[in-house]
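Each chain gets a letter, A, B and so on, in the order its sequence line appears, and its residues count up from 1.
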There are 2 protein chains.
Amino acid sequence: MVSSISSLDRTDIAILRVLQAEGRISNVELSDRVHLSPPATLARVRRLEEEGYISGYAAMLNREKLGHDNLALIEIALELHQYERITEVLDQLVAMPEVLECYHVTGEYDYMIKVSTVNNRALDHFIAKRLIPLPGIARIHTSIVLKALKQTTELDLPEP
Amino acid sequence: MVSSISSLDRTDIAILRVLQAEGRISNVELSDRVHLSPPATLARVRRLEEEGYISGYAAMLNREKLGHDNLALIEIALELHQYERITEVLDQLVAMPEVLECYHVTGEYDYMIKVSTVNNRALDHFIAKRLIPLPGIARIHTSIVLKALKQTTELDLPEP
DNA sequence: AGTTGGCACCTAATAATATTCGGAATAATA
DNA sequence: TATTATTCCGAATATTATTAGGTGCCAACT
């Protein structure tokens, strides 16, 4: 996809900046922050949603308080197969709720996934019983996260 | 931190499930979904926020539409130093807006960061001018993300 | 068994916010 | 200059958030 950021003005960027940090802010307060009336602000937010600049809103939960003590980054190398076979495996992989992120990456391995589970035992179960059994998995390498120092979804938005 | 999920009931979990997926849903509709009156629902949401189960709300933006064409996963090995020196470097690292995530991990490298930039040139600039100059960086390894197949923050919440 | 207190809930009322609807100002275009 | 499109504002209305009062339930204790 080619960038369409040029069609956004300073106010749009300001709105996106606020919503990235405070997704549940009221439209009235948002309009205050970006120096626009509530109706004008709301129209812009709707436009940003409809045009796909905003893909959704999410509550960020505290993993550990919710019993997820384990986070792992797993690199996966696939055996060479025809495209269809690979997409099948990937479809299954991304459908797993433990898999929060899945990236096709350059380097020694082909894919990198981020996996959140309640504990080491659940991670072991995920790897042994759900990941390894997928057809075409050649090799995996697991890194356990000892500590998360930063976790944000806030992009550094450029001035238009 | 020890898990405190046991203090949550089915309704709390239901609320968290909905808010993870639709962070900007109105309290009225949320209360409908979890079969509770709006005031009771709102009180629970406030409690979940105050007790830290919900750490915040965020609009999820479309990286590519906003000009961020480049995502990279960078592994970092640090030279052994006293703790203070390391935390200084890490403080600087996590303060960089290009760095979306930073994890202390097991394995050959010590840290893994996720970096979002507008293009390859900006990534090169980040690595050469901002990352490498940090004191104590022994070695890095960069994986470029060719494609993001899944990106969610939705945890798989257990039944209580 | 009856009483008490705490808790979570509901309904109803009020306050605030979201949304719709003219109409005005501005800027681009014919 | 006239016209059109765009974006905005303020006012009106619809919807939602929030507060307040009261009810039912359950457990602990008398």
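Salt-bridge annotation for A:Arg63 and A:Asp69: absent, with no side-chain N of the basic residue lying under 4.0 Å from a carboxylate O of the acidic one. The pair B:Asp9-B:Arg44 meets the salt-bridge criterion, with a side-chain N (NZ, NE, NH1 or NH2) lying under 4.0 Å from an Asp/Glu carboxylate O.
Close to D:dT7, at under 4.0 Å from its OP1 or OP2, lies no side-chain N or O of A:Arg47.
When hydrophobic residues (I, L, V, M, F, W, Y) are linked wherever their side-chain heavy atoms come within less than 4.5 Å, B:Leu80 remains an isolated member.
Scanning residues 54-61 of chain A for heavy-atom distances under 4.0 Å to DNA chain D yields an empty list.
Cluster membership for A:Met96 and B:Leu157, using ILVMFWY side-chain heavy atoms within less than 4.5 angstrom, is not shared.
In this structure C:dA27 sits in a base pair with D:dT4, meeting the Watson-Crick or G-U test at under 3.5 Å.
Applying the salt bridge (Lys or Arg N to Asp or Glu O under 4.0 Å) test to every pair with at least one member in residues 74-100 of chain B, sequence neighbours left out, gives these pairs: B:Glu98-B:Arg130. Every pair passing ring-ring contact (aromatic ring centres under 6.0 Å, His included) that includes a residue from residues 87-109 of chain B is listed here, sequence neighbours excluded: B:His104-B:Tyr111. Applying the ring-ring contact (aromatic ring centres under 6.0 Å, His included) test to every pair with at least one member in residues 125-154 of chain A, sequence neighbours left out, gives no pairs at all.
In this model, a donor atom of one side chain and an acceptor atom of the other lie less than 3.5 Å apart for A:Asn120 and A:Asn70.
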### Message
Please encode protein proximity along nucleotides 9-20 of chain D as a string of B, S and -, counting only heavy-atom distances under 4.0 Å.
### Response
BBB----SSSB-
